[in-house]
There are 2 protein chains.
Amino acid sequence: MNLKELSQNLGLSQTTVSRALNGYPEVSPATRARVEEAAKTFNYRPSTRAKGLATGKALAIGHVIPVSNKHEMVNPIFGDFIAGAGETYSRHGYEMILSIVADEDENQVYRGLKSRRAVDGVIVHGPRMNDPRIPLLHDLGLPFAVHGRASGCALPYAWLDVNNRSAFLRATDFLFDLGHRRIALINGIEGMDFAHRRREGYSASLLAHGLHVDPALMRAGEMTEVFGFQSAMDMLGGPDAPTAILCSSLISALGVRRAIDERGLVIGKDVSVVTHDDDLSYLQNGGDVPIFTATRSSVRDAGRRLATMLLAAIAAPHAPPQHHLLEAELMIGQSTGPAPKRD
Amino acid sequence: MNLKELSQNLGLSQTTVSRALNGYPEVSPATRARVEEAAKTFNYRPSTRAKGLATGKALAIGHVIPVSNKHEMVNPIFGDFIAGAGETYSRHGYEMILSIVADEDENQVYRGLKSRRAVDGVIVHGPRMNDPRIPLLHDLGLPFAVHGRASGCALPYAWLDVNNRSAFLRATDFLFDLGHRRIALINGIEGMDFAHRRREGYSASLLAHGLHVDPALMRAGEMTEVFGFQSAMDMLGGPDAPTAILCSSLISALGVRRAIDERGLVIGKDVSVVTHDDDLSYLQNGGDVPIFTATRSSVRDAGRRLATMLLAAIAAPHAPPQHHLLEAELMIGQSTGPAPKRD
DNA sequence: AATCATTTTCAAAGCGCTTTGGATATGCCT
DNA sequence: AGGCATATCCAAAGCGCTTTGAAAATGATT
């Protein structure tokens with residue numbers, strides 16, 4: 001059923017039917033009701049493509065998901081993030097279109113989305129420091145909003161981020177207050193902006209307490225279970241092993257826990273662990289009592305908010321870009337305790 | 001830059017330019033080269049919407065992701081699956097459009113995609129037994145392919161599935177051969193087709209060995225870490241605790257491992273664990289030596305294959321629906337060993 | 001009853017592409 | 001040179017919608 005057929009069916013012109021359906025005032029309430037009912041019974045919905053052509057809007061938002069071609073890894077937070085964003089889109093009649101793309105082809109994808117006029121805007125995932133995508137999108141004139149930030153980027157742009165620095169500063173402080181002096185950091189890949197900020201917060205706390213930052217206690221890599229395991233095995237086996245580990249993801253924290261077990265140690269007693277927790281739906285940090293002491297911030301909520309922000313930016317193209325800094329919550333769980341006494 | 005501008009720029013008609021770009025034969029090689037170069041320098045790409053309108057194809061595939069509104073959970077395999085499917089789509093010039101939707105609104109979403117002519121076909125995720133979506137899509141005449149199968153559905157349809165029954169039968173056999181007699185099953189939600197088939201394989205093996213199927217050793221629920229933990233805690237604490245646990249997901253297996261630790265038992269010695277492993281990029285089952293003994297089948301690979309299947313079905317609408325049954329690989333890891341001797 | 005303002009409806013153009021049917025140019029043969 | 005096939009290109013219609021500018025219907029006013 002298309003508009004023409006529907007209007008013939010009603011004995012009205014396409015104009016009137018279109019206006020009735022789109023809420024224009026110049027249609028009598030009686031006619032509008034009649035049209036709406038007919039649309040419902042015939043299950044009529046305007047063709048997205050035709051509507052898009054006519055209005056010049058795509059009514060779609062693009063998400064370009066980089067897949068690190070080294071590990072072919074999809075960021076595990078991605079599912080929850082788009083679940084949040086998707087809610088917002090469907091409420092506003094937008095479609096979400098997804099491009100999975102190898103790191104190095106990203107630029108081409110953004111260019112393609114723009115020149116094919118496939119989307120009205122895009123969400124930028126996983127920003128790195130000095131991320132080249134931001135100037136690119138700026139040049140292309142494609143509205144965008146960033147999940148995270150890109151340190152070193154001078155241009156103004158819309159973003160939403162967790163306050164990674166303060167979260168990790170606070171977590172490190174917390175461990176210090178428990179008496180820990182050798183605190184390790186198992187972080188995300190160097191170059192990712194969030195990892196950089198977390199390290200900054202961690203370092204700032206150590207320095208503020210007169211401790212020095214020991215490279216032997218820092219690891220950076222893709223945040224898998226295995227990476228957490230190996231990093232922790234490594235550090236716990238060496239001399240001057242840490243008594244506490246700060247971890248960038250719940251998944252690597254699970255690996256850290258496995259390493260602690262494997263070394264015959266007890267988590268929360270011999271070794272304390274604090275992790276960041278994105279509050280993923282399939283990976284809850286325990287039930288009522290958290291398993292891990294964690295800095296928590298819901299990534300699904302972030303998706304909802306950032307999508308809202310982008311739609312607002314599209315609706316008001318000349319408004320200054322919005323920002324939103326979320327504070328993570330520090331949840332005390334069972335994985336932390338006082339530093340063990342030195343023998 | 002649009003087609004009109006590009007063709008004026010070249011001093012050619014829109015027809016010729018369009019044909020040159022779409023590989024039609026009635027264009028001289030010289031002209032084609034000239035057109036292609038101009039398209040490149042001006043970064044011209046046809047508007048998806050206009051092209052779709054003109055051809056009647058949407059050049060897009062829909063993925064409708066159900067979010068169980070009880071737990072608001074996004075299936076963790078989803079990211080890897082669409083990473084695989086996305087590869088296939090972009091190679092064929094298709095877009096992927098995603099709808100995140102609460103269970104109960106699914107039907108409306110499919111109807112909407114159809115009547116808005118937003119997609120050329122859809123992938124059905126997470127089929128349940130007697131899944132109503134299959135007859136619905138059949139009626140709508142919207143091409144589709146199912147990731148999994150729907151027992152009890154008489155209609156022919158295209159699907160790709162892991163042989164869940166044989167995988168779990170084999171895993172149970174394996175545990176039996178190690179001497180285990182009390183083997184528990186921590187499964188996905190009842191009603192999901194895959195969970196049903198896995199239980200069937202498990203039961204069939206037990207019965208074949210003269211064991212009876214004990215409801216006290218079976219749990220079904222959303223496959224989270226916490227669910228695995230609680231189920232295992234529960235069963236290991238009771239009388240007649242299992243000596244082996246069969247688990248439907250690596251994530252819940254991590255919970256099972258935590259429960260085993262918590263009970264002061266040793267995995268692979270006091271309690272053996274076998275899990276299904278979807279080979280997720282961010283949750284590898286260990287490095288060279290698997291942590292868990294597992295039935296493994298790559299969900300990303302499934303995404304690639306199923307997408308290919310759907311595109312083929314769209315290209316040849318009258319061909320009979322294709323099927324593909326993948327056999328999972330049994331990987332022996334460190335989580336299984338001979339059944340402990342009874343005291 | 002005639003006039004005017006307002007409400008309600010309409011015909012037609014345009015969005016950017018593909019594709020049909022036709023026109024023109026080119027090369028080859030006799 | 002004339003005739004024919006083939007190669008190359010084009011104008012215009014159509015995809016399903018929105019929207020402009022105008023017409024018809026209605027009601028209020030004199």
Side-chain angles (χ1 to χ4, degrees), chain A residues 1-36 38-39 42-60 93-95 112-120 315, chain B residues 1-36 38-39 42-60 93-95 112-120 315:
Chain A
M1 172 70 55
N2 60 21
L3 185 61
K4 191 170 169 188
E5 290 162 14
L6 182 65
S7 56
Q8 284 172 349
N9 216 297
L10 283 160
L12 291 171
S13 75
Q14 298 189 37
T15 312
T16 305
V17 176
S18 169
R19 284 184 160 154
L21 257 22
N22 289 314
Y24 282 72
E26 53 271 77
V27 174
S28 71
T31 310
R32 190 188 304 275
R34 207 159 65 87
V35 171
E36 275 168 352
F42 291 117
N43 199 27
Y44 168 78
R45 308 277 249 92
S47 147
T48 318
R49 316 202 100 71
K51 187 164 185 160
L53 233 206
T55 57
K57 331 229 79 208
L59 291 175
Y94 275 72
E95 232 118 60
L113 287 175
K114 168 70 179 181
S115 53
R116 283 180 355 237
R117 277 138 291 182
V119 298
D120 296 321
Chain B
M1 172 68 58
N2 60 22
L3 185 61
K4 192 171 166 188
E5 289 162 14
L6 181 66
S7 57
Q8 282 171 350
N9 217 296
L10 283 160
L12 290 171
S13 75
Q14 297 190 37
T15 312
T16 305
V17 175
S18 169
R19 284 184 161 155
L21 257 22
N22 290 313
Y24 282 73
E26 52 273 76
V27 174
S28 72
T31 310
R32 191 188 304 278
R34 207 159 65 88
V35 170
E36 275 168 353
F42 291 117
N43 200 24
Y44 167 80
R45 306 278 249 94
S47 147
T48 318
R49 317 202 99 71
K51 185 164 185 159
L53 233 207
T55 56
K57 330 231 78 207
L59 291 176
Y94 275 72
E95 232 116 61
L113 288 175
K114 169 71 181 181
S115 53
R116 282 180 355 237
R117 278 137 289 178
V119 298
D120 295 322

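Keep in mind that what you see is a predicted model, and the values were worked out from it rather than measured. Naming: A, B, ... by sequence-line order, numbering from 1 per chain.
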Roughly, in whole Å, what's the span from CG in B:Leu53 to C1' in D:dA13?
14 Å
CG of A:Leu10 versus C1' of C:dC10: gap in Å, rounded?
15 Å
Could you encode protein contacts along nucleotides 17-25 of chain D as a string, one character per nucleotide from 5' to 3', using B for base contact, S for sugar-phosphate-only contact and - for no contact, with a heavy-atom cut-off of under 4.0 Å?
BBBBB----
Roughly how many Å is it from CG in A:Leu59 to C1' in C:dC15, rounded to a whole number?
14 Å
Measuring from the side chain of A:Ser13 (C-beta onward, heavy atoms only), which nucleotide among D:dT8, D:dC10, C:dA11 has the closest atom?
C:dA11
In whole angstroms, how far is the P atom of D:dC9 from the CG atom of B:Leu12?
7 Å
B:Leu21 has an atom CG; how far is it from atom C1' of C:dT19, in whole Å?
15 Å
Distance col, row A:Phe42:CZ vs A:Leu6:CG, nearest 0.5 angstrom, shows 7.0 Å
What's the separation between atom CG in B:Leu53 and atom OG1 in A:Thr48, rounded to the nearest 0.5 Å?
10.0 Å
Rounded to the nearest 0.5 Å, how far does NZ of A:Lys114 lie from CG of B:Asn43?
10.5 Å
If you measure from CZ on B:Arg116 to CZ on A:Arg49, what distance do you get to the nearest 0.5 Å?
10.5 Å
State whether the side chain of A:Arg19 and the backbone N or O of A:Val17 hold a donor-acceptor pair below 3.5 Å, judged by distance alone.
no
Whole-Å distance between C:dT9 C1' and A:Arg34 CZ?
12 Å
Is B:Arg117 reaching over with its side chain to a backbone N or O of A:Arg45, donor-acceptor style, under 3.5 angstrom?
yes
